[in-house]
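Below: one structure, written as C-alpha cells.
Not measured: the values here are computed from a predicted model.
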Number of protein chains: 2
Amino acid sequence: MIPYQKMTKEELLKEQAVLQSAYKEFQGRGLKLDMSRGKPAPNQLDLSMGMLDVLTSQDVLACEDGLDARNYGLLDGIPEAKELYAEILEVSPDEVIIGGNSSLNMMYDTIVRAMQFGFVDSPRPWKDEKTVKCLCPVPGYDRHFAISELFGIEMINVPMTPAGPDMDLVEKLAAEDESIKFIWCVPMYSNPQGITYSDETVARFASMKTAAPDFKIIWDNAYCVHHLTDTPDRLMNLMDACKKQGTEDRVFIFASMSKISFPGAGIAAMAATKHNLDFVKQQMSIQTIGFDKIKQLRHVKYFKNIDGVKAHMQKHREILEPKFNAVLKKLDEEIKPLEIAEWHAPNGGYFISLDTMDGCAKRVVGLCKEAGAVMTGAGATYPYGKDPQDRNIRIAPTYPSVSELDQAMELFCLCVRLASVEKLLSEMN
Amino acid sequence: MIPYQKMTKEELLKEQAVLQSAYKEFQGRGLKLDMSRGKPAPNQLDLSMGMLDVLTSQDVLACEDGLDARNYGLLDGIPEAKELYAEILEVSPDEVIIGGNSSLNMMYDTIVRAMQFGFVDSPRPWKDEKTVKCLCPVPGYDRHFAISELFGIEMINVPMTPAGPDMDLVEKLAAEDESIKFIWCVPMYSNPQGITYSDETVARFASMKTAAPDFKIIWDNAYCVHHLTDTPDRLMNLMDACKKQGTEDRVFIFASMSKISFPGAGIAAMAATKHNLDFVKQQMSIQTIGFDKIKQLRHVKYFKNIDGVKAHMQKHREILEPKFNAVLKKLDEEIKPLEIAEWHAPNGGYFISLDTMDGCAKRVVGLCKEAGAVMTGAGATYPYGKDPQDRNIRIAPTYPSVSELDQAMELFCLCVRLASVEKLLSEMN
C-alpha cells in the first residue's frame, strides 16, 4: 500500500474505481449498523441485572444513619452513596451531592443556576453579565456544547493536544477575558478522543489565573473507572491540586453510573467544595425534596465499595476491549499505511476519534450512511456543529457486536479511503 | 362548654388558669411529636414493598414497544407509563411526559424554562419581562410559593373559598394585568385545606380572559387519587373544559407517585397539549437523555392500570382515614363548641387546615413546640411566609400513629384554647 499523497493521478483514479466498485457492493448488502452513540451493549447491561435482586420486599430499607430510604428526606443523598462516590471521585463525602439518574442533567442544572443566581463567588447572576463565554476543548462532547448554545453562552474552541487542552491558550484566554466563565472538560478518556489530561495540564488548571472571579472548571469525569487495558491512564486529582493553590472553588466534578450500571437508571453525582455546595443546596432545596434514595441504596448494596465498582468495570472491559481492538485493528490495517487519517488508541472510555484529511469528514459520514452505517454526525464534536476543518469523526464501538463492527469498520475504512481519493483528485484539477 | 367570646373576663381568667396548669402538665411529659410535613407513615410504605419484587434479574426489561428499558432513550417516558398516567390525569398519552421522581422538580423546571425561554405562546422569555407576577390561592402549598420567591416572581394572594379560589378576583386580576403569568393550584383536596375546586370554578378557569397571552394554570393534581371516604370528591377535567373553549394551551398538570408508592422513589408526570410539550421537549432534550425507565416499568408492572392504583389507594385510605378522624374528632369535641376556630373536613388529601381567631396562629404553633409537638410553621401556607391574619395552621396527620395523634391533638387543642383566651383577655385590657 502506497500513501495516497504519493500516488499519481492515474494511480488515484485506478484506486477510486476499485473503491467505488467495493462501495457499490456494500450498498447492495442492506446493512443496518449504528456506531453513532455511546450506548452500552445489551450484554453489558446484563452484568448489572443482579442489582435488581439486592433489595426485595423482605429487606429493611434503612440507610446507615437509620433513615428510611423509602420516605422523604436527604436532599444530597444517603450517606453510604456519598461515601462510595467520594471514593470514586477522590474527594471527601461532604464534597458530594448525589443526584438523579443523569450527570448531564446535573451539569445542565449547574449552568441554569449559574445563569439565574451565579455561583457562590459570582459578582452577579450570569444572566446579568453582558456576555458569558466558555472554553470548549475540541473535539469534545456535543451535549456539553448544546447546553452552552441553549443558554446563549458563546463558545471558544481550544484545540486538544495529546496531553489535554492547549493550556497555553486556556491560560491566555482565561487570564485576559473576564467574560470567560468556565471550561467544559472530559479529563479522562476524553469524549471523543480518549485522551487523559497529563499531570502538568491538571496542575496548570489548578494554578492558572482567571480574569473572572467565579471561573469554573466543569470536570465531567464520565469515564473515571472505564479502563480498557492492563495499563490504564491515571488522572491527577484536580481538587487536591487546586486546594494546594487555594483555587478549589473553581472545581465542579461530575460523574454517573450510566455506563457502570444502567443508562438512565444509574445514579449521578456532583462534587465541589462545601463552600460551593452549601450555596447550591440553598437553591436545590427549592427544586426538590430529594432524589431516589432506594436506587442509591440499591447501588451501594450491589457494588459495596470502590473495589466492587472496579471488579464490575473489569467485566465491562472484557466485553468492550475486543470491540475497541477490532476498530483499531481495521484502522491500522486499512488506513494507517495510506497516511490519510490520524487517531489515538485510548486506554479507556467509550470512543475512538479519527481525523481525516481536511474537508473529508462530512463526506465520509455521508458515504457510510448511504451504505447503511450510521456514524455520529460530522461536526457534532465541535461547538455549533461546525468542525472548521471538517475532519473529525467520532466512532462509538460499544453497542454493535464484534462481527457487526468488523463489517461497519470495513465500510468505514472504505469510505475514508474513497473520500480521501476524491479530495486528492479534486485538488489536482 | 360556653363559646369563649361569650365569657366574662372572670370566666376567661379562670379558664386560662385551668389551661395553663394542663399545659404545664403536658410540658412535663417530654413529648416528641411531629405533625409538620405530609410524610406517609412507615406502614403506608410497607404497602408498596411488593414493587421491589416485580422486576428481578430473571426478567426481560423490555417496554411494550420493544425498547430495552435498561438502555438510553425515550426522553418522555416509556409508552406504558404514559398510558397509566394518561388514565390517572384523564388526558391522552401523547399529552404526558414522565419525569424523574419529583413533580416539584418538574414544576420548578417548568418555571425555569419559562424564565429562560418562555412558553410556546410567550412573546418573550419571562426573564425579559419587566415584572412577572403569579396568583397564589391562600392558604396554599409553601413549596410552590418558594419557587416563585426564588425567581423573584411577585405573588398575589387570592383567598380560597369552599369552592376553590375566589374566581371573581382571579378573573379580574388575570384580565387586567398582563404581567400576571400563572396561578398555582392544588385543585383536588387542596394543600392545606382539603378543598376540591367546584365544576363552576374549573369551568371559569377554562373560559376566563387573560391579559397575558401565555397565561398558565399550574394544576398540581397531587392528590387526585388520594380519597379518604366513601363519598370522594370529583374534580372536573380542566383539559377537556379548556379544549371546549380553545384555551387548552394554558393547562399544565402535574402529579407524582410519591404518596402512592414511595416518596422520592416514585415517578412524576406532567401533562399539557402536544403544542406545549413539543416546545418543552426541545429544551428537555438538551437537559437529559431521559429519566429512569426501569423504575417506570416497575411501577407499571406493579399497578398495571388505574384500577390497580385505585385498589392500592384504598389500602392507604385504611391507614389514613382513622388518623384524619382522630384529628377531626378532637377538633369537634374540644374546639367547635368554643367557636374559636374553623376548618374543613376533607374527603381526601394529606392535610387538615385550621383557622384560629386572627392573630393566634403563631402563638399556637409556638406553644405546641414548647411542649414537644412540631407543627408546620405558622405563615408557611402563605407567600413570603406571611399570613396577614396570622390565623392559618396546617395539620399533617399522616406520619404519627393514632395514639400519638391523640396526644398531639390533645395538646394542640389546648394550645388553641390557651392562645384564644389570651387574645380575648388582651382585647379586654
Side-chain angles (χ1 to χ4, degrees), chain A residues 37-42 44-46 48-53 55-59 61 68-74 100-102 104-105 107-109 112-113 115-117 127 143 146-147 149-151 258 261-266 282-283 285-295 298 399, chain B residues 37-42 44-46 48-53 55-59 61 68-74 100-102 104-105 107-109 112-113 115-117 127 143 146-147 149-151 258 261-266 282-283 285-295 298 399:
Chain A
R37 299 296 324 174
K39 275 173 79 166
Q44 286 181 267
L45 306 177
D46 292 343
S48 298
M49 287 300 280
M51 187 176 286
L52 299 176
D53 302 331
L55 292 181
T56 74
S57 59
Q58 303 312 305
D59 291 296
L61 272 57
D68 190 338
R70 304 173 304 174
N71 218 327
Y72 287 114
L74 288 185
N101 66 319
S102 159
L104 182 70
N105 202 335
M107 288 182 261
Y108 177 95
D109 281 358
V112 168
R113 279 190 296 263
M115 295 302 289
Q116 283 290 338
F117 316 111
K127 70 178 165 55
R143 292 186 187 273
I147 292 174
E149 192 172 354
L150 186 67
F151 291 100
S258 287
S261 60
F262 299 114
Q282 283 172 34
Q283 297 140 18
S285 70
I286 309 298
Q287 180 178 16
T288 184
I289 303 172
F291 294 98
D292 185 340
K293 297 188 296 299
I294 294 181
K295 186 164 55 182
R298 189 187 300 281
Y399 194 82
Chain B
R37 298 296 327 175
K39 274 173 80 163
Q44 287 182 267
L45 306 178
D46 292 342
S48 298
M49 288 300 280
M51 186 176 286
L52 300 176
D53 302 330
L55 292 182
T56 74
S57 59
Q58 303 312 306
D59 290 296
L61 273 58
D68 190 338
R70 304 172 305 174
N71 218 327
Y72 287 114
L74 287 185
N101 65 319
S102 160
L104 182 70
N105 202 336
M107 288 182 262
Y108 177 95
D109 281 357
V112 168
R113 278 190 297 261
M115 295 301 288
Q116 283 290 339
F117 316 111
K127 70 178 165 56
R143 292 187 188 272
I147 293 174
E149 193 173 352
L150 186 67
F151 291 100
S258 287
S261 60
F262 299 114
Q282 283 172 32
Q283 296 140 18
S285 70
I286 309 298
Q287 180 177 17
T288 184
I289 303 172
F291 295 98
D292 184 342
K293 297 186 297 297
I294 293 180
K295 186 164 56 181
R298 188 187 299 280
Y399 194 81

Measure distances from [X] to the heavy atoms of chain A and classify the residue's part below 4.5 Å as side chain, backbone, both or neither.
X	answer
B:S285	backbone
B:K39	both
B:F262	both

Please rank [options] by heavy-atom pairs under 4.5 Å with chain B and give me the top one.
options	result
A:D59, A:N71, A:T56, A:N101	A:N71
A:G266, A:P42, A:G73	A:P42
A:L104, A:I294, A:L45	A:L45
A:I286, A:T288, A:L55	A:I286

Would you find a donor on one side and an acceptor on the other, under 3.5 Å apart, between the side chain of B:D53 and the backbone of A:S57?
yes
What's the spacing between B:K127 NZ and A:K127 NZ if we round to 0.5 Å?
8.5 Å
To the closest 0.5 Å, what do you measure between CZ (B:R298) and CG (A:L52)?
6.0 Å
Report yes if the side chains of A:M49 and B:L61 come closer than 4.5 Å at any heavy-atom pair, otherwise no.
yes
Is the shortest side-chain heavy-atom distance between A:S102 and B:F291 below 4.5 Å?
no
